[in-house]
Amino acid sequence: MGSVTKILHPPEPFLFHESLLRFRVSREEYVNSYADGVYRRVVEDANGDLVLLEAEKEGEGRNSIRLRMTTQGRMTKSAQDVGLYAIKHILAFDLDLRAFYKMAKDDASLAPTAKKFRGLKPIRYPSVFEALVTAITAQQVNLTFAGAIRGRMVKRWGRKLRVDGKMHYAFPRPERLARARVSTFRSMQFSERKAEYVIDVARAALEGRLDENELRILTIDEAVARLTEIRGVGRWTAEQMLFRALGRVEVFPGGDLGVQKVVARYCFGEERVDEKTARMQADRWHPWASLATTYLFAAWRAGIPPASDTD
DNA sequence: TACCAGGTAAAAA
DNA sequence: TTTTTACATGGT
């Protein structure tokens with residue numbers, strides 16, 4: 001077993017804990033976990049070696065991150081490089097928040113949370129494939145249930161890495177899910193349709209239709225059009241992926257129930273708005289629409305009431 | 001019991 | 001082209 005520890009210095013500002021709360025561990029989720037201040041996940045390098053990443057805040061006050069990387073055999077340079085690249089992508093080191101804050105400061109519904117959560121970043125998935133499959137599991141069911149069936153899928157088809165006596169799972173490879181049977185997914189309480197969608201996305205990945213570099217250079221509309229050619233990938237799923245895997249913060253998943261509720265709450269003082277209303281609001285946040293929702297979700301999670309518009 | 005969950009595809013209007 | 005409906009299941 002090989003292990004190496006690095007100290008990383010994310011660009012300021014960066015709120016580690018609040019950003020990672022999204023992955024606060026649930027019993028069923030084995031791929032991304034955040035517990036006791038440590039974010040954990042497994043990535044795979046080009047040689048197929050699994051690397052466990054464990055990231056936590058280094059010391060109080062200072063904003064450095066301690067990253068421990070562990071592999072089964074010798075720690076290779078390739079494994080280290082992949083691990084470092086992955087964690088910087090996941091933690092959105094490349095996302096510069098300054099222009100967003102400049103915009104947010106003059107936006108009544110956004111200003112208080114942007115200020116309170118200064119340094120909050122949208123934590124990402126490492127791959128297009130993982131983001132799409134994860135989104136599909138979350139279609140039309142509550143997120144607890146989505147996490148449960150996803151956990152079963154990961155436990156069955158994800159590669160395993162044992163570290164300090166604890167098992168960690170990588171997200172299943174497309175090769176594996178592409179040849180899985182619908183009936184096996186059914187036994188894990190996937191609907192038949194969800195099972196077919198996941199298998200179709202896995203095949204698309206194998207056929208090179210989810211090429212990250214190709215998707216990156218497309219406009220949002222072009223990328224959504226390309227992605228929705230895959231059965232089971234609608235606009236919502238495509239937008240989720242563009243935001244959560246590729247970090248395209250200008251997308252706005254206006255069809256998302258949670259987004260509709262959080263925009264309603266903090267921008268309209270209501271329980272729920274329709275997609276059109278939500279998208280109209282989001283136009284004011286361009287090109288940081290989904291980043292804005294990240295802040296509103298954080299406020300919601302923290303139980304912060306919407307500002308009263310009467311004073 | 002009915003209805004809702006961070007939707008989508010296919011049928012019907 | 002726009003509007004319903006089936007899909008599956010756990011929680012309230």
Side-chain angles (χ1 to χ4, degrees), chain A residues 19 21-24 26-29 31-32 120 122-125 130-153 180-204 209-210 223-249 251-268 270-279 281-282 285 289-303:
Chain A
S19 301
L21 271 183
R22 201 166 88 69
F23 287 130
R24 191 163 26 183
S26 74
R27 220 153 32 85
E28 310 284 356
E29 177 58 72
V31 170
N32 291 284
L120 182 75
I123 302 305
R124 302 170 182 158
Y125 295 112
E130 177 174 335
L132 286 176
V133 172
T134 299
I136 287 170
T137 61
Q139 287 171 0
Q140 186 54 24
V141 295
N142 70 69
L143 294 184
T144 309
F145 180 62
I149 61 175
R150 197 162 62 238
R152 290 173 202 143
M153 175 186 80
R181 294 201 190 154
V182 169
S183 59
T184 314
F185 279 102
R186 286 289 291 124
S187 70
M188 295 185 252
Q189 291 180 290
F190 279 68
S191 65
E192 189 149 338
R193 203 172 284 180
K194 247 188 222 310
E196 290 168 0
Y197 291 171
V198 169
I199 292 168
D200 280 0
V201 166
R203 288 181 182 153
R209 285 186 283 147
L210 301 182
V224 169
R226 175 87 58 96
L227 290 161
T228 51
E229 286 171 13
I230 303 165
R231 199 172 113 87
V233 179
R235 185 179 184 183
W236 177 85
T237 303
E239 288 173 338
Q240 286 294 322
M241 187 286 287
L242 289 166
F243 173 43
R244 300 216 179 271
L246 300 189
R248 297 285 290 268
V249 294
V251 306
F252 184 75
D256 183 286
L257 178 63
V259 167
Q260 289 171 8
K261 289 207 269 197
V262 85
V263 167
R265 179 175 174 78
Y266 289 101
C267 307
F268 297 93
E270 288 172 27
E271 184 104 358
R272 174 95 182 260
V273 292
D274 61 20
E275 175 165 4
K276 204 175 137 201
T277 309
R279 285 192 189 277
Q281 174 67 30
W285 298 329
S290 53
L291 187 55
T293 67
T294 298
Y295 281 75
L296 298 185
F297 275 119
W300 203 15
R301 193 178 293 121

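Letters A, B, ... are given to chains in the order of the sequence lines, protein chains preceding strands, and every chain is numbered from 1.
Looking at heavy atoms from C-beta onward, A:Phe185 lies in side-chain contact with A:Ile199 at the 4.5 angstrom threshold. Residues A:Thr277 and A:Gln281 are not in side-chain contact: their nearest non-hydrogen atoms beyond the backbone lie 4.5 Å or more apart. No side-chain heavy atom of A:Val31 sits less than 4.5 Å from a side-chain heavy atom of A:Tyr125. Between A:Arg301 and A:Arg24 the shortest side-chain heavy-atom distance falls below 4.5 Å.
Residue A:Glu192 contributes atom CD, which lies 18 Å from atom C1' of B:dG7 at whole-angstrom precision. In this structure, CZ of A:Phe185 is placed 17 Å from C1' of C:dT9, rounded to the nearest angstrom. Residue A:Ile149 contributes atom CD1, which lies 13 Å from atom P of B:dG7 at whole-angstrom precision. Taking atom CG of residue A:Leu132 and atom P of nucleotide B:dG7, one finds them 16 Å apart after rounding to whole Å. Atom CG in A:Leu143 sits roughly 17 Å away from atom P in B:dC4 (whole-Å rounding). Taking atom CZ of A:Arg279 as the reference point, atom C1' of B:dG6 lies 13 Å away to the nearest angstrom. The CG atom of A:Asn142 sits 17 Å away from the P atom of C:dA8 (whole-angstrom rounding). Distance CD (A:Gln140) to P (B:dG7): 6 Å, rounded to an integer number of Å.
Nearest heavy-atom pair, A:Phe190 versus A:Lys194, reported as atom, atom and distance to 0.1 Å: CD2-CB, 4.0 Å. In terms of heavy atoms, A:Trp236 sits closest to A:Asp256 at NE1-OD2, 2.8 Å. Smallest separation of non-hydrogen atoms from A:Val201 and A:Leu210: O-CD1, 3.9 Å.
Among the atoms of the strands shown, base atoms are found under 4.0 Å from some heavy atom of A:Gln240. Residue A:Arg186 is classed as a sugar-phosphate contact, given heavy-atom separations below 4.0 Å to backbone atoms only.
Atom CG of A:Leu120 and atom CG of A:Leu21 lie 9.0 Å apart (nearest 0.5 Å). Taking OG1 of A:Thr134 as the reference point, atom CG of A:Asn32 lies at 8.0 Å (rounded to 0.5 Å).
Residue A:Ser191 has its side chain nearest to C:dC7 when only C:dC7, C:dT9, B:dG7 are considered.
Separation of the P atoms belonging to B:dG6 and C:dT4 is 23 Å when rounded to the nearest angstrom. B:dC4 sits 16 Å from C:dA6 when the C1' atoms are compared, rounded to a whole Å. Taking the P atom of each, B:dT8 and C:dG11 are spaced 24 Å apart, rounded to whole Å.
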message: Strictly under 4.0 angstrom, non-hydrogen atoms only: write out the protein contact profile of nucleotides 8-13 of chain B, one letter per nucleotide from the 5' end, B, S or -.
response: BSS---
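Stem regions for DNA chain B, each three or more consecutive Watson-Crick or G-U pairs with both distances under 3.5 Å and listed by first number, read B:2-5 with C:9-12, B:7-13 with C:1-7.
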